[in-house]
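Just below is one structure, and these are the notes that go with it.
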Amino acid sequence: MTNNLEANKEVVRRFNREVIEQCSREALDDILREDFINHTAAPNVDKGKEGIWFTFHEILHPMLSNIKVEIYEQVAEGDLVTTRKAITGKHTGTTADIPATGKEVKINVIDIVKIQDGKYAAHWGINNLQAVLAELKK
């Protein structure tokens, strides 16, 4: 069971490296199941694979340069992996009508991912993006 838990944690680490940091559509298609559902998608954003792609490709990457993900902790139990992490980068693009500020940004995240057959089946998460955007407006 420990090997399966470690394998599940590695799937999540790969998602963070290849999808969030590198914005790889190929990795996203490989890691997410076709029936994937993001239970905490923003209002009016697709809850499936396309919504995840939209979030990273159309919002996060145009907003931030030099995106990095620092994973602080991961806990795996059964088919769930919980990760506490931070997404960092430099605010170099306009987002939510906020012109680029050049400020360093840190988005704190806690997410839970359900892994089935080595792929993301579901996601739940919380983050402080709204607070970060409010700070950028100042």
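Tracing side-chain contacts under 4.5 Å through hydrophobic residues (I, L, V, M, F, W, Y), one reaches Ile71 starting from Val113; they form part of the same cluster. Hydrophobic clustering (side-chain heavy atoms under 4.5 Å, transitive across Ile, Leu, Val, Met, Phe, Trp, Tyr) groups Val11 together with Val109. There is a path of hydrophobic side-chain contacts, each under 4.5 Å, that joins Leu129 to Leu136.
Taking every heavy atom of both residues into account, Ala100 and Thr94 meet most closely at N-OG1, 4.0 Å. Residues Asp30 and Arg14 share a closest heavy-atom pair of OD2-NH1, 2.7 Å. Residues Glu34 and Lys49 come closest through the heavy atom pair OE2-NZ, 2.8 Å. Scanning all heavy atoms of the two residues, the minimum distance from Val19 to His61 falls at O-NE2, 4.4 Å. Annotation for Gln116 and Arg33: closest pair OE1-CZ, 3.4 Å, computed over non-hydrogen atoms. Between Ala41 and Asp46 the shortest heavy-atom distance is CB-O, 4.0 Å.
Contact of the Ile107 side chain with the Val105 side chain is registered, since non-hydrogen atoms from C-beta on lie closer than 4.5 Å. For the pair Thr82/Ile110, a side-chain contact is recorded, criterion being any heavy-atom separation below 4.5 Å from C-beta on. Side-chain contact between Leu32 and Phe15: present, with at least one pair of heavy atoms (C-beta onward) separated by less than 4.5 Å. Side-chain contact between Ile20 and Leu60 is present, with at least one heavy-atom pair separated by less than 4.5 Å. With contacts defined as side-chain heavy-atom distances shorter than 4.5 Å, the pair Ile67/Thr88 does not qualify. Using a 4.5 Å cut-off on side-chain heavy atoms (C-beta onward), Thr55 and Glu50 make no contact. Using a 4.5 Å cut-off on side-chain heavy atoms (C-beta onward), Lys137 and Asp97 make no contact. Contact check for Asp111 versus Val81: no side-chain heavy atoms found under the 4.5 Å cut-off.
Although no hydrogens or angles enter the test, the distance criterion places no donor-acceptor pair under 3.5 Å between the side chain of Thr95 and the main chain of Met63. Not one N or O on the side chain of His57 forms a donor-acceptor pair closer than 3.5 Å with the backbone of Ile59. For the pair Asn128 (side chain) and Asn108 (backbone), a donor-acceptor distance under 3.5 Å is present. Judged by distance alone, with hydrogens and angles left aside, the side-chain atoms of Lys103 form no donor-acceptor pair with the main-chain N or O of Lys90 at under 3.5 Å.
In this structure, NZ on Lys138 lies 12.5 Å from CG on Leu133, to the nearest 0.5 angstrom. Taken from CG in Leu64 to CD in Glu104, the straight-line distance is 9.0 Å, to the nearest 0.5 Å. Summarising the geometry, atom CG belonging to Leu80 is positioned 9.0 Å from atom CD1 belonging to Ile115; distances are rounded to the nearest 0.5 Å. Note: Ser24 OG to Trp53 CH2 = 6.5 Å, rounded to the nearest 0.5 Å.
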* Could you please spell out the steps behind the salt bridge (Lys or Arg N to Asp or Glu O under 4.0 Å) verdict for Glu21 and Arg17? => CA-CA 5 Å; Glu21 288 183 348; Arg17 278 190 315 270; over 6 Å; no

* Asked: Yes or no on side chain to side chain contact (heavy atoms under 4.5 Å, CB included) for Leu28 and Ile52, after CA distance, side-chain angles and deciding distance?
  -> CA-CA 9 Å; Leu28 178 110; Ile52 293 289; 3.3 Å; yes

* Asked: What's the verdict on side chain to side chain contact (heavy atoms under 4.5 Å, CB included) for His123 and Phe36, showing C-alpha distance, side-chain angles and the deciding distance?
  -> CA-CA 8 Å; His123 169 267; Phe36 166 83; 3.8 Å; yes

* Starting from the C-alpha separation in whole Å, work towards a yes-or-no answer on side chain to side chain contact (heavy atoms under 4.5 Å, CB included) for Val132 and Lys106. => CA-CA 7 Å; Val132 168; Lys106 181 178 181 181; over 6 Å; no

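No hydrogens or angles considered: nothing links the side chains of Arg84 and Gln74 as a donor-acceptor pair under 3.5 Å.
Among residues two or more places apart in sequence or in another chain, the salt bridge (charged side-chain N to carboxylate O under 4.0 Å, His left out) test is passed with Glu58 by none.
Using the six-membered ring where Trp is involved, His39 and Trp124 have ring planes that are parallel, under 30° apart on the 30 and 60° scheme.
Annotation: Lys114, atom NZ; neighbour count of heavy atoms from other residues, nucleotides and ligands within 6.0 Å does not exceed 12.
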